[in-house]
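So the structure is just underneath, and the comments pick up after that.
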Amino acid sequence: MACPKEGEKAKKARASEILKALKALYPGARTELKHENPFQLLVATVLSAQATDKSVNEATPALFARFPDAKALAAATPEEVEPYIRKIGLYRTKARNLVALARRLLEDYGGEVPRDKEALMRLPGVGWKTATVVLGAAFGVPGIAVDTHVARLARRLCLSEARTPEKIAEDLEALFPKDHWVFVHHALVLHGRYVCTARRPRCGACPLAPHCPSRQV
DNA sequence: ATCCCGAGGG
DNA sequence: CCCTCTGGAT
């Protein structure tokens, strides 16, 4: 659906209303970056592709106890890794990819996670979304990581009509104050997961509906 | 556009 | 049972 014509000023005001509604709706959503262990964050983020965050969170403690860093993971075979990530699904492919990732990390960067977005994206299994998450949560580089949830909501709310994650992120970052980016990202993910779902959005139960050009009655 | 090749949920 | 799941590579 096409978004209605709207001036920049009106759009920004609407974004502000949306932010306010999200604050009320998700008071527990993250507001600050976590500064996690770069390697473990990278692995967890790669694992989250086509997987539920819940399954990833349950699997990672044991995985990192056994393979705490790139060196340990690079020395493993995919078969050794599989048992630790079985419950995540697609585990065969993921185990292969994870070991390949660790080996590249070890060969090209001495086992460290590079802080550069282009370098991160050159790693196997790492695309724009994963690179953005890692730069943010591991190194404190601000940026809205646009995943399928965020992309869908940004477009439904007519906060962006762009198609690529990069462009959508640009639009969102222009609409919300930088110190709210972390919250906006997390809140949109939660909302996309539970209310504004891909298939049948629950517009009737959505507090954002008054500000949403795409709402269904 | 399609594959990946599975667990968990509605 | 069918479908989804915080993607990335081809």
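Given the structure is predicted, the values throughout are model-derived calculations rather than measurements. Lettering of chains follows the sequences in order, A, B, ..., and the numbering in each one begins at 1.
Atom pair A:Lys54:NZ and B:dG8:P shows a separation of 8 Å (rounding to whole Å applied). Nucleotide C:dA9 holds its P atom 12 Å from the CG atom of A:Leu120, rounded to whole Å. Distance A:Ile85 CD1 to B:dC4 C1': 13 Å, rounded to the nearest Å. Rounding to whole angstrom units, CG of residue A:Leu90 and C1' of B:dC4 are separated by 6 Å. Following rounding to the nearest Å, A:Arg163 (CZ) and B:dA1 (P) show an atom-to-atom distance of 11 Å. Atom C1' of nucleotide C:dT6 and atom CG of A:Asn57 are separated by 11 Å, given to the nearest angstrom. As rounded to whole Å, 10 Å separates atom P of C:dG7 from atom CZ of A:Arg152. Separating the CG atom of A:Leu101 from the C1' atom of C:dG7 is a distance of 14 Å, rounded to the nearest angstrom.
Across B:dA7, C:dG7, C:dT6, the shortest atom-to-atom separation from the side chain of A:Gln50 is found for C:dG7. Nearest to the side chain of A:Lys87, among C:dT6, B:dG8, B:dC5, sits B:dG8. Side-chain proximity of A:Arg199 to the nucleotides C:dG7, C:dC3, B:dC5 is greatest for C:dC3.
An OP1 or OP2 oxygen of B:dG8 is reached within less than 4.0 angstrom by no side-chain nitrogen or oxygen of A:Thr52. A:Thr130 has a side-chain polar atom (N or O) that falls below the 4.0 Å cut-off from OP1 or OP2 of C:dG8. The shortest distance between the side-chain N/O atoms of A:Arg86 and the OP1/OP2 oxygens of B:dG6 is not below 4.0 Å. Residue A:Arg92 places at least one side-chain N or O closer than 4.0 Å to OP1 or OP2 of B:dG6. Contact annotation: A:Arg96 reaches the phosphate of B:dC5 (side-chain N/O to OP1 or OP2, under 4.0 Å).
Comparing the P positions of B:dA1 and C:dT6 gives a spacing of 23 Å, expressed to the nearest Å. Nucleotides C:dC3 and B:dT2, compared at atom P, are 15 Å apart to the nearest Å. For the C1' atoms, the distance linking C:dC2 with B:dC5 amounts to 16 Å, nearest Å.
Cysteines A:Cys196 and A:Cys206 are not disulfide-linked, with SG atoms at least 2.5 angstrom from each other.
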Before giving the answer on side-chain contact (heavy atoms from CB on, under 4.5 Å), spell out for A:Leu106 and A:Lys71 the whole-Å C-alpha distance, their side-chain angles and the decisive distance to 0.1 Å.
-> CA-CA 6 Å; A:Leu106 202 59; A:Lys71 190 175 177 184; 4.3 Å; yes
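Taking the nucleotide of DNA chain B with the nearest heavy atom to each of A:Gly89 and A:Arg193, the more 5' of the two is matched to A:Gly89. Projected onto DNA chain C by closest heavy-atom contact, A:Val126 and A:Ser48 fall at different nucleotides, the more 5' of which corresponds to A:Ser48.
Inter-residue side-chain proximity for A:Trp128 and A:Val146 is flagged as met; some heavy-atom pair is nearer than 4.5 Å.
The closest side-chain donor-acceptor pair between A:Tyr26 and A:His191 falls under 3.5 angstrom.
More than 12 heavy atoms of other residues, nucleotides or ligands lie within 6.0 Å of NZ in A:Lys11, so this atom counts as buried by the packing criterion.
Of the possible donor and acceptor atoms, none in the side chain of A:Arg155 sits under 3.5 Å from a partner among the backbone N and O of A:Ile168.
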